[in-house]
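Notes for the one structure printed next.
When reading the values below, keep in mind they use all heavy atoms of this one structure, side chains included, and skip hydrogens, waters and symmetry mates.
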Amino acid sequence: MAKPVMAAAEMRPIGNAQMNTQSTGSREESTASSSGVSSGKEAPPAYQTMYPDLYAGELVPAAAPKKKTVYLTFDDGPSNLTIPLLNVLDTYHVKATFFVVGHTDRQSLKAMKEIVNRGHAIGVHSYTHQFEQIYASPASFLEDYAKMHDLIKSTTGVDTKIYRYAGGSVNDYNKNTARDIIAEMNRRGYVYYDWNVDSGDAEKGATAKSIYRNVISGVHRYSNSVVLLHNTKFKGNTLKVMAKIIKTLKNESYSFDVLGPSVDSSPYLFCKIP
């Protein structure tokens, strides 16, 4: 996973409530541009006419969560560790959010279905997880996104409206394209989430102890937290420590919830867009 760039704000990312306004009329604008109808304005970029059905539709206005809410999020699955992780979450009656990638083997598709069947949220992470390819242009990003979105829908029946950028919304690979990609996805009404607590489970040398320490200390810094974790076959330590993390936070009166369009994304977005 590419290390995201986190810095002082230059351009404030758009939260859910503002996305609603931006996406209004986007279908009409796209249709007009593709039919050659001129509105007297500069023609929109060609990628706006791609995937005319790839729109989130009307979104529920964002609502403030209750204090001490933790959103556990797992990237890069499904994997052979997904079902064991779901079993742990079931044991403690916790729901989480999974941002998945394009694994199409039988085991992965079954795990993807189980994520939804057990009441968890599912969102797009990317299909290929190939950073240079995904972020080459807005058109390249849309191609990858649409493929993953379709896989989720055909496998689980969920027409998901949430996603997480591979590597985070600002990273070393999208310096030249992040602004246009984010604007286009906002226009289409999809909601993305970065995070404000990093478990560090993607770092070299991460241990169950370091993951636990990073999550607990990170959650303590915020009223509400989106926690970055991973669910690949290599993340046995993440699975190993999950029960301890949940028990500790529950004992401290934290509650758990899933991300969705009604959860305001603005507290969990990186601040600097190139």
Side-chain angles (χ1 to χ4, degrees), residues 1-9 12-13 15-16 62-77 81 84-99 119-121 123 125 162 164-165 167-171 191-232 234-272:
M1 177 177 177
K3 190 172 183 179
V5 178
M6 302 178 69
R12 184 73 180 171
N16 303 30
K66 296 179 181 178
K67 290 184 178 181
K68 300 192 76 170
T69 299
V70 177
Y71 301 93
L72 297 176
T73 67
F74 297 90
D75 288 5
D76 299 351
L81 297 184
L85 173 60
L86 293 176
N87 291 340
V88 172
L89 295 173
D90 283 351
T91 297
Y92 295 96
H93 308 289
V94 166
K95 302 303 180 186
T97 303
F98 290 78
F99 292 105
H120 303 280
H125 193 38
I162 64 172
R164 171 172 285 158
Y165 288 101
S169 62
V170 181
N171 59 69
V191 182
Y192 73 96
Y193 296 87
D194 289 316
W195 56 89
N196 59 353
V197 175
D198 187 350
S199 70
D201 66 350
E203 299 296 325
K204 185 177 180 180
T207 64
K209 184 176 180 180
S210 69
I211 294 167
Y212 174 84
R213 182 179 63 247
N214 290 338
V215 172
I216 301 303
S217 63
V219 168
H220 287 167
R221 288 197 295 267
Y222 301 98
S223 175
N224 300 293
S225 305
V226 170
V227 182
L228 173 67
L229 299 137
H230 294 83
N231 183 226
T232 70
F234 304 108
K235 302 307 175 189
N237 281 330
T238 303
L239 174 62
K240 180 180 179 180
V241 78
M242 193 48 52
K244 184 178 180 181
I245 288 172
I246 292 170
K247 286 189 288 186
T248 296
L249 293 177
K250 281 199 166 190
N251 287 338
E252 294 176 348
S253 300
Y254 286 91
S255 61
F256 297 86
D257 206 347
V258 298
L259 294 175
S262 63
V263 178
D264 184 13
S265 63
S266 58
Y268 316 112
L269 303 184
F270 299 155
C271 294
K272 184 178 179 181

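Counting only heavy atoms from C-beta outward, the side chains of Leu269 and Tyr192 approach each other to under 4.5 Å. For the pair Ile216 and Leu249, the minimum side-chain heavy-atom distance is below 4.5 Å. Thr97 is listed as a side-chain neighbour of Ile162, based on a closest heavy-atom distance under 4.5 Å.
Residues meeting the ring-ring contact (aromatic ring centres under 6.0 Å, His included) test with Phe74, sequence neighbours left out: Phe98. Taking the side-chain contact (heavy atoms from CB on, under 4.5 Å) definition, one finds that Asn196 meets it with Tyr222, Ser225, Val226, Tyr268, sequence neighbours left out. Applying the side-chain contact (heavy atoms from CB on, under 4.5 Å) rule to Lys67 yields the partners Ser223; only residues at least two apart in sequence or on another chain are considered.
Each of Thr73, Val263, Leu228, Asp264 was evaluated against Tyr193; a single residue qualifies, Val263, per the side chain to side chain contact (heavy atoms under 4.5 Å, CB included) test.
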If you look only at distance, which donor and acceptor atoms sit under 3.5 Å apart when one is on a side chain in residues 234-243 and the other is two or more places apart or in another chain?
unit_1, atom_1, unit_2, atom_2, d
Lys235, NZ, Asp201, O, 2.9
Asn237, ND2, Ala206, O, 3.4
Thr238, OG1, Asp201, OD2, 2.8

Just list the side-chain donor-acceptor pairs under 3.5 Å for residues 84-95, sequence neighbours left out, or say none.
unit_1, atom_1, unit_2, atom_2, d
Asn87, OD1, Arg118, NH1, 2.7
Asn87, OD1, Arg118, NH2, 3.3
Asn87, ND2, Ile83, O, 3.4
Asp90, OD2, Arg118, NH1, 2.8
Thr91, OG1, Asn87, O, 2.9
Lys95, NZ, Arg118, O, 2.6

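Sorted by first then second residue, the side chain to side chain donor-acceptor pair (under 3.5 Å) pairs that include residues 248-261, not counting sequence neighbours, are Tyr212-Thr248, His220-Glu252.
What you find for Gly167 and Asn171 is that their closest heavy atoms are O-CB, 3.5 Å. The two atoms that bring Asn214 and Gly200 nearest to each other are ND2-CA, 3.9 Å, heavy atoms only. Closest approach of Ala96 to Leu72, counting heavy atoms only: CB-O, 3.4 Å. The minimum heavy-atom distance linking Asn224 with Lys68 is given by the pair OD1-N, 3.4 Å.
In the model, Asp194 has a side-chain atom that pairs as donor or acceptor with a side-chain atom of Ser169 under 3.5 Å.
Summarising the geometry, atom CZ belonging to Phe270 is positioned 12.5 Å from atom OH belonging to Tyr165; distances are rounded to the nearest 0.5 Å.
Distance alone, capped at 3.5 Å, is enough to place a donor-acceptor pair between the His125 side chain and the Arg164 backbone.
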